[in-house]
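The first residue in the sequence is number 1, and the count goes up from there. What you are looking at is a predicted structure, and each value in this text was computed from that prediction instead of being measured. Just so you know, these numbers use all the heavy atoms, side chains as well, and skip hydrogens, waters and symmetry mates.
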Amino acid sequence: MLQEILALPVEDKIFYAVLVFSWTVYVWEAYLAYRQRKIYRTTMHVPTELGKIMDSETFEKSRLYQLDKSNFGFWSGLYSEAEGTLILLLGGIPFLWKMSGILTARFGFGPEYEISQSLVFLMLATLFSAFTGLPWSLYNTFVIEEKHGFNQQTLGFFLKDALKKFAVTQCILLPVTSLLLYIIKIGGDYFFIYAWLFTLIVSLILVTIYADYIAPLFDKFTPLPDGELKSAIESMAKSIYFPLTKIYVVEGSKRSSHSNAYFYGFFKNKRIVLFDTLLEDYSPLNKDGEKEPGTGEENEAAGNESKPKPKNKKQGCSNPEVLAVLGHELGHWKLGHTVKNIVISQMNSFLCFFLFAVLIGRKELFMAFGFHDSQPTLIGLMIIFQFIFSPYNELLSFCLTVLSRRFEFQADAFARGMGRSSELYSALIKLNKDNLGFPVADWLFSMWHYSHPPLLERLRALTGPKQD
């Protein structure tokens, strides 16, 4: 058996190595998920340590929600892995490339117009991915999220949103890809440097314009009204020299009752975005029987795209708790976590482009995936970044997860140093309850997957002795 494997051509060894590694990762992930599902199934009562911070009703709701999500993840993950394997075994990538060539030829573009063919290939590939992923997305939104009270979308809103996302993605992806391929074509021996610089510039531009021009295409952003909360946020930002220019509230409640907050922007132009579901005094989900902006007549004019808000559901954080949450987020900025993540990301990007430059000339890589007569640059990017780098990507992902947990502890400590320990403590409990987070985790599953420390660990750190 071993001799037969060793006797295989290099391209066959590469192909089967990619398949074996892909399934190895899948089996590992499935094993970790199984361990966590066992926790969901067997932990039927609130542990003693959690008795004071979580009632049995919320505990049971979160257990069932996470169990449903885990079961769904098993089947969707199995389908995804099987689909990817069939695409490789049946030659789906070279077939789609050939179809792209036929389509471009109908418009008078021959094989020499590789970039045009690449864009058609990319559009067909993303269309195929959107089509095959739609049933899973529909089930997740209208069965699981609906069952557990999170979904606020109608089917019409969901489909309209999906079409809009696809269109916006194509408007960004296709021009950026065409320019990247052109840079690689004309860049000479040092094209990897120019390609890296180009992707750096694009990423910085997208981060800068996302919340101002892209996100508002999907959600309504409004300035936080003048008042106690806005004044307190501005005062807190000023105390740590955070260059805050604007504070927005995003109407996240029209699609989901999950909550979030983030900041964005570069240099002296920082903005804070709060989800309305995060704000106890602002969330429509807390306003029992009151007519909300965008409901009633306005909703009728909009075609009833969002569902009626549920009543008697207290959600979100008080103003002091919101300030504690923002103290945590600002801690990421003050401690340089954002800059460190950007530096790590760009170092990784540069390394990957350098290795791509080393490997792109290897014909056996293309032959392994069915390209015997041509070596398209886009296909080379796909093969090398997605398949050849997969072991490295898995290792990097785990290391970044570990680093992220460390950053979260440090940001919690920063908020504690601002005198907001008790408020952050209660906010974490409320957010865990609002989002039905399950506070008990298998140690191996959490170590591999959790970018944020488990709730109990964060609460212990907030009440324990201060650490550097």
Is there a donor-acceptor contact under 3.5 Å from the side chain of [X] to the main chain of [Y]?
{"X": "Thr177", "Y": "Leu174", "answer": "no"}
{"X": "Ser62", "Y": "Thr58", "answer": "yes"}
{"X": "Ser203", "Y": "Thr199", "answer": "yes"}
{"X": "Glu321", "Y": "Ser318", "answer": "yes"}
{"X": "Ser100", "Y": "Leu96", "answer": "yes"}
{"X": "Ser451", "Y": "Thr401", "answer": "no"}
{"X": "Ser76", "Y": "Gly73", "answer": "yes"}

Look at [X] together with [Y] and state whether they make a salt bridge at an N to O cut-off of under 4.0 Å.
{"X": "Lys165", "Y": "Asp161", "result": "yes"}
{"X": "Asp68", "Y": "Lys147", "result": "yes"}
{"X": "Arg63", "Y": "Glu60", "result": "yes"}

Item to complete: Begin from the C-alpha positions of Thr85 and Ser22 and carry the test side-chain contact (heavy atoms from CB on, under 4.5 Å) through to its verdict.
Response: CA-CA 9 Å; Thr85 299; Ser22 179; 5.5 Å; no

Worksheet item: With Phe387, which of Leu365, Leu19, Leu88 fulfils side-chain contact (heavy atoms from CB on, under 4.5 Å)?
Response: Leu88

Worksheet item: Name the one of Tyr210, Tyr248, Phe221 that satisfies side-chain contact (heavy atoms from CB on, under 4.5 Å) with Pro216?
Response: Phe221

Discussion item. For the CD atom of Glu251 and the CZ atom of Phe275, what is their distance to the nearest 0.5 Å?
Written reply: 11.5 Å

Practice prompt. Scan for ring-ring contact (aromatic ring centres under 6.0 Å, His included) pairs involving residues 399-428, sequence neighbours excluded, and state none if there are none.
Written response: His337-Phe407

Do the rings of [X] and [Y] sit parallel, tilted or perpendicular, given the 30° and 60° boundaries?
{"X": "Phe72", "Y": "Tyr139", "result": "parallel"}
{"X": "Tyr264", "Y": "Tyr262", "result": "tilted"}
{"X": "Phe445", "Y": "Tyr450", "result": "perpendicular"}
{"X": "Phe59", "Y": "Phe438", "result": "tilted"}

Response to the item:
Contacts of Lys334 meeting salt bridge (Lys or Arg N to Asp or Glu O under 4.0 Å) (sequence neighbours excluded), chain-then-number -> none

Fill in: Audit row: Gln170, Thr126, side chain to side chain donor-acceptor pair (under 3.5 Å) steps and yes/no
CA-CA 9 Å; Gln170 298 306 310; Thr126 52; 3.0 Å; yes

Item to complete: Begin from the C-alpha positions of Trp97 and Phe121 and carry the test ring-ring contact (aromatic ring centres under 6.0 Å, His included) through to its verdict.
Response: CA-CA 6 Å; Trp97 180 259; Phe121 173 88; 5.8 Å; yes

Fill in: Derivation and outcome, ring-ring contact (aromatic ring centres under 6.0 Å, His included), residues Tyr34 and Phe74
CA-CA 9 Å; Tyr34 164 78; Phe74 169 78; 9.8 Å; no

Worksheet item: Nearest heavy-atom pair of Leu278 and Ala261: which atoms, and what distance?
Response: CD2-CB, 3.7 Å

Discussion item. Which heavy atom of Pro439 sits nearest to which heavy atom of Leu456, and what is that distance?
Written reply: O-CD1, 4.5 Å

Practice prompt. Check the pair Trp136, Trp75 against ring-ring contact (aromatic ring centres under 6.0 Å, His included), reporting the backbone distance first and the verdict last.
Written response: CA-CA 10 Å; Trp136 298 98; Trp75 291 109; 8.6 Å; no

